[in-house]
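So the structure is just underneath, and the comments pick up after that.
We number each residue from 1, following the sequence as shown. Bear in mind the structure is a predicted one, so any value in this text is a computation, not a measurement.
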Amino acid sequence: MDTEARYERISEYSNIRYNELSKMFKPYMNVTDEYGKIICRVINLLGDIPPINDRDKAIRDLAADVFDALYESRNLIISGKCIVSFPLARRAYESLSLMVVFALDNKIAKKWMSGKQINNHTVRQLLSKHPMGEKEEMTRDFYKFFSSASHPNRDLVPYRYLGEGNKFVLGSIGQPDLLMTTDFCKKHLGLWFWFVAFFMTHYQKQIHHFDDSCNDLYMKTANEAKKVNNWFIESFNKLLEQYKENLTSGS
């Protein structure tokens, strides 16, 4: 196959992986689609309601940033490109953390809006100390996971074996690592869960006044997300056992 044909097939490989993995991870695809629709519904509602102050403007901007990063990173994950999607997922996590902190602490929001950088360690500490925040263990685990492959370290840059049995190694041509993909999807779903829960709570007055039925859809989707999370845990443990068995047998 010539170079031009190889290049043209890169997108074809991605489509093949997307079709395969979207069927394999159908419960995750369905629930994240529902979460995405809920966010679109609330964003559409807020489009007719002016922000009340600069902090509200910042929260709305960050919400859009989180949505875009989560939406696009899922496409990459399900196309067999987990490594490429790590920086996007990390951005979603960091923007989401900031957004929640802004809702809890107006002083931090003002600092950020004036152009000052707020590092994630500070954000995690603020979230853990506030009664309405999040446990530092959870946010630290998120940060560690999404940061782990955002930089090209040897442990997580895949071995492609170009010239060592493989003639072409770009894009989604290789078989995806199902263990990594399952773990990634689980944590990606966790970000959606946190994002939508915060957004629904923060704008509950507007939602209750203009679109109260959205709350029922949210509760239904959140319950489904919990089931999918348990399914991921079971699937990951099974895959991990298979991986260990393969290592032991040398296959």
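Looking only at atom types and distance, the side chain of K81 has a donor-acceptor partner in the side chain of S14 under 3.5 Å away. A donor atom on one side chain and an acceptor atom on the other are not found under 3.5 Å apart for N223 and T221. Remark: the N119 side chain and the T122 side chain contain an N/O donor-acceptor pair separated by less than 3.5 Å.
Under 4.0 Å is where a charged nitrogen must lie from a carboxylate oxygen, and between E241 and K238 no such pair does. A salt bridge between R74 and D33 is present, with a side-chain N of the basic residue lying under 4.0 Å from a carboxylate O of the acidic one. In summary, D183 and K187 engage in a salt bridge, as defined by a charged side-chain N under 4.0 Å from a carboxylate O. D56 and R60 are joined by a salt bridge, as a carboxylate oxygen and a charged side-chain nitrogen come within less than 4.0 angstrom of each other. Under 4.0 Å is where a charged nitrogen must lie from a carboxylate oxygen, and between R9 and E12 at least one such pair does. A salt bridge is absent between R91 and E94; no separation between the charged side-chain nitrogens and carboxylate oxygens falls under 4.0 Å.
Judged as a salt bridge (Lys or Arg N to Asp or Glu O under 4.0 Å), and not counting sequence neighbours, K220 has no contacts.
Between E224 and E34 the shortest side-chain heavy-atom distance does not fall below 4.5 Å. Taking 4.5 Å as the limit, some side-chain heavy atom of C185 sits within range of a side-chain heavy atom of I78.
Across every non-hydrogen atom of L178 and L239, the tightest pair is O-CD1, 3.7 Å. Taking every heavy atom of both residues into account, F142 and G190 meet most closely at CZ-C, 3.9 Å. Of all heavy-atom pairs between V100 and L127, the closest is CG1-CD2, 3.6 Å. Counting all heavy atoms, side chain and backbone alike, R17 lies closest to S79 at CB-O, 3.4 Å. Between M180 and F86, the closest heavy-atom pair is SD-CE1, 4.5 Å. When every heavy atom of L189 is checked against every heavy atom of V228, the shortest pair comes out as CD2-CG1, 3.7 Å.
Ring centroid separation for the pair F184 and F145 comes in under the 6.0 Å cut-off. If you look at F67 and F195, their ring centroids are not closer than 6.0 Å.
Note: F193 and Y35 have perpendicular aromatic rings, judged against thresholds of 30 and 60 degrees for the angle between ring planes.
Pairs engaging residues 224-249 under the ring pair (Phe, Tyr, Trp, His ring centres under 6.0 Å) rule: Y28-F232 [sequence neighbours left out].
Within a 6.0 Å sphere centred on CZ of F168, other residues, nucleotides and ligands contribute more than 12 heavy atoms.
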